[in-house]
Amino acid sequence: MTTTDSATPAAAPATNKHFIRQIIEADIAAGRNGGRVVTRFPPEPNGYLHIGHAKAICIDFGMAQEYGGRCHLRMDDTNPVKEELEYINAIQEDVRWLGFDWGGHLYHASDFFDQMYAFAESLIQRGKAYVCAVPQEEWKDYRGVPTRPGKESPWRNRPPAESLDLFRRMEAGEFKEGELCLRAKIDMASPNIHLRDPVIYRILHAEHPHTGAKWCVYPMYDFAHPLEDAFEGVTHSLCSIEFEVHRPLYDWVIENLEDSTTTRPHQNEFARLDLTYTVMSKRKLLELVEEKLVSGWDDPRMPTLCGLRRRGYTPAAIRTFVEIVGVTKFNSLTDVALLEHCIREDLNQIALRRMAVLKPLKVTIENAENLPATVAAQNNPEDPAAGTRQVPFSRELLIESDDFMEAPPPKYFRLTPGGSVRIRNAGFLTCTRVEKNTAGEVRNVVCRWSPPTAELKVKGTIHWVSAPHAKPVTVRLYDRLFTVPEPDGQEQDFKTFLNPHSLEQVTAYAEPAVADAQPGEKFQFERVAYFVADTVDSRPGAPVFNRTLPLRDTWAKVEKAGK
RNA sequence: UGCCGGAUGGUGUAAUGGUAGCACAACAGACUCUGGAUCUGUUUGUCUAGGUUCAAGUCCUAGUCCGGCAGCCA
């Protein structure tokens, strides 16, 4: 966690009354569940959270906040084969970083394994579930396909007492994985496959990260999820649209719950977030990590929350982004430019300004008699409260090599032979001559300096650092991870579209104040880009900077258009 | 070809029978000690065909296209 990300426990202000808000308001108005609003964010701890999860988090926690309710964080750990403790901790850190608080309401699906097991027995006793011995290879055949009904298992009408006995022996560990399973007895002819006697408990001889060796039978998602919601008193179970077809089963479980005192939760579905120039599936992100195409889950190019955090994104920007994107059932693809807009807007307000030169060119001042030793510079013109600092000045400066051109194109406002330019916070430079190396390259731009009071008419301002005072710092220039808007869904593998230039490391020369940057601190290197001091590789006095994203560059556009 | 969803500018969304609006992007201009920021303006849209109505993005009918569902994953 960084020092400058103040985790404001508030969602972005509501911009529109989307359908989830409408549903909740109608429920409150109708007095359903006593007008209470309880939501939950239920990640499976089998991977790191990404920007897509951020949408769900902002909705789940945001709705609870907005309507005076609460939101539970729940680890959906019903499959010990895939889940790990490492993820459980990372998930909590990420949700907290995003600015949300679950109070004392941290749950695990596994907290309710006893109750779930008891409920399963109850279903058996009521003839609503049975132990099935159809082997997995044959089950496909029994289940049928969406267009054709399935056929009933030969064990479907096994007496409850027999099923109960077998189920208890399953629980006792008497059977191998896959040998038996517990199914709900619903309707093998249903057009909804999820209602064709779905498996609700399976045998898994696996150590569970939370319950250890206590169980060898584990509930399936479709059975466990509605129960978790009911047991926790969740009123609004908000999830993504691929669960829409599961809703009848969700309702079946809830309706068969005998305890009428529990809350009656309802499931509502919204579309997932998808972004251009990235991939979002856990599988593909894992692939990038495992094949070392990125440095890890927190590589600043990754769309994971830890990656975005390390890249310099702020929680506020992500929350605003999610609010702007909105909530619908339409499967959309959001332009990553919108996310970039949100982070630019936030960073513009909060990032301290500094000067740093990425591709240095030497400037020598010929009239060195009356130079100031330092000049004052505002830390953030957008925020006067950020104060000012003194920046050392001298007769030898470094400027950006792009800021000098011997033969400038039209509308070039920077330094040119015989021309003048303003240097940020420190007066003006007028180029009197240049010195070149034997290859004919400009190595030194000799200038006459004029104080700020000179009021020279210039169109441009450039940044600079004093050469003898400059601190070399490592700077990582990150760019989009992929070269095409939709690396997914192409004919070729998504990895063929990896951007070979997504990371370029250079040494920049910065004003001295930059050396004191604390890990996680955010800056704008004026006229260049927003940067964050890396939380992993920075050392005291030797920060490493990650480029969050470049400043808008109108000149680059003009230049490109001219070509 | 079964079931469940969905379709509004390039992108994301709003309008809940009454002037199709907002944001991003793009483009043009103003301003500026960041070619940043800010401000102004411009371009571009209701999937199709019928119907109801004084009035339809919205309601009805038929179609088209897109997404999801056939793990003892979540």
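Just so we're on the same page: letters track the sequence lines, and every chain starts at 1.
Environment of CD in A:Glu138: crowded, with over 12 heavy atoms of neighbouring residues, nucleotides or ligands closer than 6.0 Å. With a 6.0 Å radius and a threshold of 12 heavy atoms from other residues, nucleotides or ligands, A:Trp155 has its CH2 atom at or below the threshold.
In this entry the base of B:G71 is syn relative to its sugar, with a glycosidic angle within 90° of 0.
Counting any heavy atom pair closer than 4.0 Å across all strands shown, A:Phe330 reaches sugar-phosphate atoms only and no base atom. Nucleic acid contact class of A:Val145 (heavy atoms, under 4.0 Å, all strands): base. Within the nucleic acid shown, A:Gly326 has no heavy atom closer than 4.0 Å to any nucleic acid atom. Residue-level contact check: A:Pro381 touches the bases, meaning some heavy atom is under 4.0 Å from a base atom. As judged by a 4.0 angstrom heavy-atom cut-off over every strand, A:Arg344 is placed among residues making no nucleic acid contact. A:Val134 comes within 4.0 angstrom of a nucleotide base, judged by non-hydrogen atoms across all strands. Among the protein residues, A:Glu526 comes within range of the nucleic acid bases, having at least one heavy atom under 4.0 Å from a base atom. When heavy atoms are screened at a 4.0 angstrom cut-off, A:Glu44 is found touching the sugar-phosphate backbone but no base atom. The residue A:Ile200 sits apart from the nucleic acid: no heavy atom pair falls under 4.0 Å. Here A:Tyr412 lies in heavy-atom contact (under 4.0 Å) with a base. A:Arg148 comes within 4.0 angstrom of nothing in the nucleic acid, heavy atoms only. Base contact: A:Phe243 has a heavy atom under 4.0 Å from a base atom. Across all strands, A:Thr328 comes closer than 4.0 Å only to sugar-phosphate atoms, never to a base (heavy-atom distances). Within 4.0 Å of A:Gln524, counting heavy atoms only, lies at least one base atom of the nucleic acid.
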Atom pairs under 3.5 Å, N or O on each side, protein against nucleotides 26-29 of chain B: can you list them with distances?
| unit_1 | atom_1 | unit_2 | atom_2 | d |
| --- | --- | --- | --- | --- |
| B:A26 | OP1 | A:Lys557 | NZ | 3.3 |
| B:C27 | OP2 | A:Lys557 | NZ | 3.4 |

Which protein N or O atoms sit under 3.5 Å from an N or O of nucleotides 31-33 of chain B?
| unit_1 | atom_1 | unit_2 | atom_2 | d |
| --- | --- | --- | --- | --- |
| B:C33 | O4' | A:Arg422 | NE | 2.7 |
| B:C33 | O2' | A:Arg424 | NH1 | 3.0 |
| B:C33 | O2 | A:Asn425 | N | 3.1 |
| B:C33 | N3 | A:Asn425 | N | 3.2 |

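Between A:Ala556 and A:Asp222, the one whose closest nucleotide on RNA chain B sits nearer the 5' end is A:Ala556. Mapping A:Glu382 and A:Asn331 onto RNA chain B via the closest heavy atom, the residue that lands nearer the 5' end is A:Glu382.
Residue A:Arg202 has a polar side-chain atom (N or O) positioned under 4.0 Å from OP1 or OP2 of B:C73. Dashed line: the shortest gap from a side-chain N or O of A:Arg143 to OP1 or OP2 of B:G71 is under 4.0 Å. Taking side-chain N and O atoms only, A:Thr147 has no distance below 4.0 Å to OP1 or OP2 of B:U1. OP1 or OP2 of B:A74 has at least one side-chain nitrogen or oxygen of A:Thr78 nearer than 4.0 Å. Taking 4.0 angstrom as the limit, A:His341 places a side-chain polar atom (N or O) nearer than this to OP1 or OP2 of B:C24. In this model, the phosphate group of B:G36 is approached by a side-chain N or O of A:Thr554 to a distance below 4.0 Å at OP1 or OP2.
Remark: the A:Glu244 side chain and the B:G67 base include no donor-acceptor N/O pair separated by less than 3.5 Å. Evaluation of atom-type donor-acceptor distances gives no pair under 3.5 Å for the side chain of A:Arg527 against the base of B:G35.
Here the shortest heavy-atom pairing between A:Val391 and A:Met355 reads CG1-CE, 4.4 Å.
Checking A:Asp197 against A:Tyr142 by side-chain atom types alone, no donor-acceptor pair falls below 3.5 Å. Donor-acceptor pairing under 3.5 Å is recorded for the side chains of A:Gln267 and A:Glu269.
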*Yes or no on side chain to side chain donor-acceptor pair (under 3.5 Å) for A:His72 and A:Glu232, after CA distance, side-chain angles and deciding distance?*
CA-CA 8 Å; A:His72 299 178; A:Glu232 291 176 25; 2.7 Å; yes
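The side chain of A:Pro146 approaches B:A70 more closely than any other nucleotide in the set B:G36, B:A70, B:A25. Closest contact between the side chain of A:Leu551 and the listed nucleotides B:C72, B:U34, B:G35 involves B:U34. Listed nucleotides B:A37, B:G6, B:C4 differ in distance to A:Lys329; the shortest reach to its side chain belongs to B:G6.
Straight-line distance between the P atoms of B:G21 and B:U53: roughly 28 Å, to the nearest whole Å. For the C1' atoms, the distance linking B:U46 with B:G9 amounts to 10 Å, nearest Å. The P atoms of B:U1 and B:A62 are separated by 15 Å, rounded to the nearest whole Å. B:G57 sits 10 Å from B:U19 when the P atoms are compared, rounded to a whole Å. A distance of about 36 Å separates the P atoms of B:G45 and B:G2, rounded to the whole Å. Distance noted for atom P between B:G68 and B:A28: 39 Å (whole Å). Annotation: B:A49 and B:G6 have their P atoms spaced 23 Å apart (nearest Å). The separation of B:C47 from B:A56, taken at their P atoms, amounts to 15 Å, rounded to a whole angstrom.
With rounding to whole Å, A:Phe531 atom CZ is found 19 Å from B:U34 atom P.
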For residues 273-287 of chain A, which side-chain N or O atoms pair as donor and acceptor with protein atoms under 3.5 Å away, sequence neighbours left out?
| unit_1 | atom_1 | unit_2 | atom_2 | d |
| --- | --- | --- | --- | --- |
| A:Thr276 | OG1 | A:Val336 | N | 2.8 |
| A:Ser281 | OG | A:Lys284 | N | 3.1 |
| A:Lys282 | NZ | A:Asn46 | OD1 | 2.5 |
| A:Arg283 | NH2 | A:Glu287 | OE1 | 3.4 |
| A:Lys284 | NZ | A:Asp488 | OD1 | 2.5 |
| A:Glu287 | OE2 | A:Lys495 | NZ | 2.4 |

With a 3.5 Å cut-off and sequence neighbours excluded, list the donor-acceptor pairs that the side chains of residues 170-178 of chain A form with protein atoms.
| unit_1 | atom_1 | unit_2 | atom_2 | d |
| --- | --- | --- | --- | --- |
| A:Glu174 | OE1 | A:Arg169 | NE | 2.7 |
| A:Glu174 | OE1 | A:Arg169 | NH2 | 3.4 |
| A:Glu177 | OE2 | A:His205 | N | 2.7 |

*So what does the secondary structure string of RNA chain B come out as, 5' to 3', with Watson-Crick or wobble pairs under 3.5 angstrom, [ ] for crossing and | for pairs with another strand?*
.((((((..((((....[..)))).(((((.......)))))....(((((..]....))))))))))).....
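For the contact set between residues 182-196 of chain A and RNA chain B, defined by any heavy atom under 4.0 Å, the members are A:Pro191, A:Ile193, A:His194.
Between A:Phe243 and A:His246, the ring planes are perpendicular. Angles over 60° get that label, and only those under 30° would be called parallel.
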